[in-house]
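Predicted, not measured: the structure shown is a model, and the values here were computed from it. Computed from heavy atoms alone, side chains included, the values below leave out hydrogens, waters and symmetry copies. Atoms within each ligand, like the ligands themselves, are counted from 1 in listed order.
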Amino acid sequence: MLLGYNEATSMKRSTLEEDLKYVKKYGYDCIELRMDKMDVFLETHTLDELIKLIGSTGVQPYAINSLEHVNLNTPEEFEVIKKEFMRMCQRADQLNCRMIVVVPSIIDNTVPKEEVLEDSVKCLNDFADIAEKYNVKVAYEYMGFSKCSVNTFSQCYEIIRKVDRENVGMVLDCFHFHASGSNIEDLLNANAEKIFTLHVDDAADLPLCDLDDSKRLWPGDGVIKLNEILGALKRIRYDKVATVELFNPDYWEWDTEKIVRTGYIKTKKVVEGYYI
Ligand code: ZN
């Protein structure tokens, strides 16, 4: 299992350069990049400098996060989304990064699940057609909130199975798995080939309906049954990457080095009992 760092963990005060510096220093295998941090870097640097900066670290750029609100759009809205997706694919290919994370829309709960399924399948097929040209994969990341149109492991997995394409899979984020009350049996029955990346995190001890991304905690510091999730992943032979990904504003106030170092220590500790 590779260990990854997702730049959202140090979203507020850090930069791409700082994230990369410390990700290299503390020995992560890979990084999930954020498009916005790269865009800021490119305001004052060339693409060539971006490629050289990432290449010089020896850290694998594993995915670009994330394109949001991708399903249940009007045709006009979806054309805009597809343009941005194409821009992300071009960037990914230039960086030899082979995955884009896309996120379903937040909606009222009035859209029937069947409609969400059909629309998601159509969107993901359109993304897959574009991504193929760049040799990039598409990872669909459900969110475990009631207002997210795709909000459980089983619903997301069903969509991915229906798309049934080699370059389309899903993200398993432990926080969203917990927040949605996703079923461990569904994970045990899944094909690990369809899980493209794992986001590792933890959650405060709150009613599930009160959880939002700001309540994420370091792996091992909360109430998510990470041992159950990791055990299930081991049983289905998932063995790609475990990426720490938090959106906690309290941690964003820390020095970048402390964030990146803490993420490494905490994530390695919970994962190594199973994989490393
Ligand atoms: Zn995630």
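- With salt bridges taken as basic N to acidic carboxylate O contacts below 4.0 Å, one links Asp212 and Lys215.
- Under the rule for a salt bridge (Lys or Arg N to Asp or Glu O under 4.0 Å), the partners of Arg165 that lie at least two apart in sequence or sit in another chain are Asp129, Glu132.
- Counting heavy atoms of neighbouring residues, nucleotides and ligands inside a 6.0 Å radius, atom CD of Glu253 exceeds 12 of them.
- Considering only residues two or more places apart in sequence or on other chains, Lys37 meets the salt bridge (Lys or Arg N to Asp or Glu O under 4.0 Å) condition with Asp19.
- Counting only distances under 2.8 Å, and ignoring water, the protein N, O or S atoms around the Zn ion (ligand 1) are Glu141 OE2, Asp173 OD2, His199 ND1, Glu245 OE1.
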key: ring pair (Phe, Tyr, Trp, His ring centres under 6.0 Å) assessment of Phe78 paired with Phe127   = CA-CA 11 Å; Phe78 192 56; Phe127 290 143; 5.6 Å; yes
Output a table of donor-acceptor pairs, distance under 3.5 Å, between side-chain atoms of residues 186-198 and any protein atom two or more places apart or on a different chain; print 'none' if there are none.
unit_1	atom_1	unit_2	atom_2	d
Asn189	ND2	Glu185	O	3.1
Asn191	OD1	Glu193	N	2.9
Thr197	OG1	Glu32	OE2	2.9

